[in-house]
Amino acid sequence: MILPRDFYARPTLEVARELLGKVLRHRSREGTTAGRIVEVEAYIGEDDPACHAAPGPTARNAPLYGPPGVAYVYLNYGLHYLVNAVTEERGSPAAVLIRALEPVEGLDLMRRRRARAKWRKGKPHPSDHELCRGPGNLTIALGITLAQNTRALTRPPLVIEDQGGAVETIEWTPRIGLRVGTQHPWRCTIAGHRSVSGPRAR
DNA sequence: CGTTCGATGCACT
DNA sequence: GTGCATCGAACGT
């Protein structure tokens, strides 16, 4: 079942927690890739210094002020695309950053995209649980670019699905990779999952 | 194990 | 001109 718009029109921390275990799926000309969400971060409003809405409305962050249930994609560090799900009511700028997936479909295509994006020397290819570990890596693996910015997540080709099934232990920690806003424990992960990014998990 | 640092593009001041 | 919601290679301990 594809998550409906109402799912996203709620407090961002609730949406973040409930996105764990859901499946992000992208159908492209090359094929379909999908992964189970295991790590997210919440970015909430103009008072959150790490949120792109902190400076107020601008051209880039306009999707955050729009309706919930759409993708907000942007280029980060001039190298990586990062994908968010816009939450809360129209006019209330907030979103959930998808940071890591457990690959579930189209692993071959993910491997080809990762290899194409980066083949420095004769490095070993990423193992399966590394294919979508990290927000920049998962957009490469799923073929998500600026072309998907502002696209609805409630209908194909880019959707988030509820496939049922149990979700393991959930853990809240401070967001990572930030210089501000680290006081909020707004990073939500499936504890101990191999595909979660950040300092080397064991 | 740990930390540092370069690549790279663009929104924003 | 400055500063990133990153990645991974290279180095130090």
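Because the structure is predicted, anything quoted here is derived from the model rather than measured. Computed over heavy atoms, backbone and side chain alike; hydrogens, waters and symmetry mates excluded.
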Please determine, for the side chain of [X], which listed nucleotide ([options]) has the closest atom?
{"X": "Leu82(A)", "options": "dT13(B), dC7(C), dA5(C)", "answer": "dA5(C)"}
{"X": "His80(A)", "options": "dC10(B), dT6(C), dG8(C)", "answer": "dT6(C)"}
{"X": "Arg60(A)", "options": "dC10(B), dC7(C), dA11(B)", "answer": "dA11(B)"}
{"X": "Tyr43(A)", "options": "dA11(B), dA7(B), dA5(C)", "answer": "dA5(C)"}
{"X": "Asn137(A)", "options": "dT6(C), dG8(C), dA5(C)", "answer": "dG8(C)"}
{"X": "Leu79(A)", "options": "dT8(B), dG8(C), dC7(C)", "answer": "dT8(B)"}

Subject >> C1' spacing across the pair dG8(C) / dC10(B), given as an integer number of angstrom >> reply: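 That atom pair is separated by 23 Å.
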
**OP:** Hydrophobic side-chain clustering at under 4.5 Å (ILVMFWY, transitive links): who's grouped with Tyr74(A)? Put none if nobody.
**Re:**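 So far as hydrophobic clustering goes, Tyr74(A) is joined with Tyr43(A), Leu64(A), Tyr65(A), Val70(A), Tyr72(A), Leu82(A), Val86(A), Leu97(A), Leu178(A).
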
Original post:
Using a side-chain heavy atom cutoff under 4.5 Å and only I, L, V, M, F, W and Y, what cluster partners does Val104(A) have?
Top reply: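 Joined to Val104(A), directly or through intermediates: Val23(A).
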
**OP:** May I ask you to decide if Gly56(A)'s main-chain N or O and Asn61(A)'s side chain share a donor-acceptor pair within less than 3.5 Å?
**Re:**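 Yes, the answer is positive, given that a donor and an acceptor are paired below the 3.5 Å cut-off.
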
**OP:** Spell out, as yes or no, whether a donor-acceptor pair under 3.5 Å connects the side chain of Arg187(A) to the backbone of Arg175(A).
**Re:**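 Checking the backbone N and O of Arg175(A) against the side chain of Arg187(A), no donor-acceptor pair under 3.5 Å is found.
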
Original post:
dC7(C) phosphate, OP1 or OP2: any side-chain N/O from Arg133(A) under 4.0 angstrom?
Top reply: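 Negative; the distance criterion is not met.
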
For [X] and [N], give me the distance from atom [atom1] to atom [atom2], rounded to whole Å.
{"X": "Gln183(A)", "N": "dA5(C)", "atom1": "CD", "atom2": "C1'", "answer": "14 Å"}
{"X": "Asn84(A)", "N": "dA5(C)", "atom1": "CG", "atom2": "P", "answer": "11 Å"}
{"X": "Leu64(A)", "N": "dA5(C)", "atom1": "CG", "atom2": "P", "answer": "12 Å"}
{"X": "Leu138(A)", "N": "dT6(C)", "atom1": "CG", "atom2": "P", "answer": "12 Å"}
{"X": "Leu131(A)", "N": "dG8(C)", "atom1": "CG", "atom2": "P", "answer": "11 Å"}

Subject >> With Val73(A), the side-chain contact (heavy atoms from CB on, under 4.5 Å) member among Ile144(A), Thr145(A), Thr150(A) >> reply: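 Only one option passes, and that is Ile144(A).
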
Subject >> Residues which pass side chain to side chain contact (heavy atoms under 4.5 Å, CB included) with Asp108(A), listed by chain and number, not counting sequence neighbours >> reply: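 Side chain to side chain contact (heavy atoms under 4.5 Å, CB included) list for Asp108(A), sorted by chain: Arg111(A), Arg112(A).
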
**OP:** Ignoring hydrogens and angles, answer whether the base of dA11(B) and the side-chain atoms of Asn61(A) contain a donor-acceptor pair closer than 3.5 Å.
**Re:**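 Between dA11(B) and Asn61(A), which were checked side chain against base, a qualifying N/O pair under 3.5 Å is absent.
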
**OP:** Report yes if some heavy atom in the side chain of Ile190(A) is under 4.5 Å from a heavy atom in the side chain of Val167(A); otherwise report no.
**Re:**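 SC-SC contact between Ile190(A) and Val167(A) confirmed.
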
Table of protein N/O atoms under 3.5 Å from nucleotides 1-4 of chain C N/O atoms:
| residue | atom | partner | partner atom | Å |
| --- | --- | --- | --- | --- |
| dC4(C) | OP2 | Arg179(A) | NE | 2.9 |

**OP:** Tell me, please, whether Tyr8(A) has Arg5(A) positioned over its six-membered ring: NZ or CZ under 6.0 Å from the ring centre and within 45 degrees of its axis?
**Re:**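 No, Arg5(A) does not lie over the aromatic ring of Tyr8(A).
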
Original post:
Between which residue ranges does DNA chain B form stems of three or more consecutive Watson-Crick or G-U wobble pairs, both distances under 3.5 Å?
Top reply: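 Stems (3+ consecutive pairs) listed as B:1-7 with C:6-12, B:9-12 with C:1-4.
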
**OP:** Could you list all the salt bridge (Lys or Arg N to Asp or Glu O under 4.0 Å) pairs where at least one residue sits in residues 85-104 of chain A, not counting sequence neighbours?
**Re:**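 Salt bridge (Lys or Arg N to Asp or Glu O under 4.0 Å) check on residues 85-104 of chain A returns Arg36(A)-Glu102(A), Glu39(A)-Arg99(A), Glu41(A)-Arg99(A).
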
